[in-house]
Amino acid sequence: MRKILSLTIAALAASSAFAGGYRVSLQGQKQLAMGHTGVAVVNSAEVLFFNPAGMAFLEDRFNVSVGGNALFARTKFQNETYNWKASTENVGTPFNAYVSYKVNEWFSAGLAVYTPYGSAVEWDQDWQGSHLVNNIDLQAIYIQPTVSFKISDRLSFGGGPIYVTGSVEFNRNLTRSLTNEQGERSDVTIDATGVNAWGYTAGFMFNPIDPLMIGFNYRSEITMEARDGDATFNDLPAFAQGAYPNTTFSADLPLPAELTVGLSYKFSDKWLVAFDYNRAYWNVYDALVVDFGADGIPTSVNPRNYKDASTYRLGTQFKPNEKFAFRAGWYFDESPVQDGYFAPETPRNDSMGFTGGLTYQVTNKLGVDVSFLYLHFDETDNSYDHYTEGTQDDVTFGGTYKNVVFSPGIGLTYSF
């Protein structure tokens, strides 16, 4: 039971970092269309997420940006040795809302609400990898009050606390073969609600010369604290019911600190180019320690061995007139998952994102923003080599994974 639940909670932690098996950035229509650059771009209230220092450089006193995306993710799995084939198609609906208010010429305040890690994955029940995962449904909402101080006409600082609240439901089979007397596979469902955590964000923007903006943003490590979640066992044979009582669990799930630096350059009043470099410090997720509520079950230590990973982003914006703005971008995202730790709840390798979009200015105060993202993952042959069943340690499950994500989005921007 210790091994079963430790792997289950490991999947919970991984999924909180990779929504639907993918780490997808969808925190604003304008900036998503520019390759999700933004640490040195002042376009709208979306700057609250990308770099809160930028609020001080917004021209209007009141700014609102709201939007949402439909995220379509597909994964195909194949093991030619055993002729295994499986696929999963999932839909997520992340959203974001940002509001900023310029109190005076040197101080601005705002609020950001967004869902960076909210999605679902559902493989066929009892598929070949069901001992690792059948399905998972994750919901997480980030709430970020923010302030920004304009030190001079060329320098600003900003930041604020981040409160995270969420829930997760996860199901997997207990072993690769255990069934009840009716032949139904035995499984366990993990359900945790009220998973809360605190972190913070801070940054600065510097405008050394009129066309050039330089930005820096740091987002702290956030530890999701799952306490007294429920573990429910289903379809157990009679001889196993005493060994697998329903119980509770507690675990701390680290999400990494992130550092982003970048710049933007205005070649003219119509043309802007931006570049961001992001470093996510995934090395904090070297193992997951899980405590169980049932007596006699020892603390579980489950290695994950993630590595730090970088993302490189490039975007551009062109405004031919007062009515339209066109955007395009590209980024390369490194995976933190190392060989031998490649599990089907996080089946993602290095990826490239291709983005685009536009804004139509309905009035001088109201604009409609649209965006799209196509995310292509490198095909990979890899495995998860740390499953334990009975006396067998390091049981391997692997094959070839092919992943693709497409996400259209729409939003509104209002300012005065």
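- The distance between the ring centers of Phe342 and Tyr401 falls below 6.0 angstrom.
- Using cut-offs of 30° and 60° for the angle between ring planes, the Phe397 and Trp127 rings count as perpendicular.
- A donor-acceptor pair shorter than 3.5 Å can be found between the side chains of Asn134 and Asn173.
- Using modelled atom types and a 3.5 Å distance limit, the side chains of Thr179 and Asp235 yield no donor-acceptor pair.
- Residues Arg74 and Thr88 bring no donor and acceptor atom of their side chains to less than 3.5 Å of each other.
- No side-chain donor from either of Gln392 and Tyr387 sits under 3.5 Å from a side-chain acceptor of the other.
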Donor-acceptor pairs under 3.5 Å, side chain of residues 364-374 to any protein atom, not counting sequence neighbours: which ones?
{"from": "Asp369", "atom 1": "OD1", "to": "Thr359", "atom 2": "OG1", "distance (Å)": "2.5"}
{"from": "Asp369", "atom 1": "OD2", "to": "Thr413", "atom 2": "OG1", "distance (Å)": "2.6"}
{"from": "Ser371", "atom 1": "OG", "to": "Gln29", "atom 2": "OE1", "distance (Å)": "2.5"}

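- Side chain to side chain, Asn278 and Glu258 meet the donor-acceptor criterion of an N or O pair below 3.5 Å.
- In this structure, a donor-acceptor pair under 3.5 Å is present between the side chains of Asp333 and Thr311.
- Side-chain contact of Asn196 with Glu225: a donor-acceptor pair under 3.5 Å is absent, judged by distance alone.
- A parallel orientation is assigned to the rings of Phe216 and Phe204, their planes being inclined by less than 30° (bins at 30° and 60°).
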Tell me, with the steps shown, if Trp271 and Thr316 meet side-chain hydrogen bond (donor to acceptor under 3.5 Å, both in side chains). CA-CA 7 Å; Trp271 185 29; Thr316 187; 2.8 Å; yes
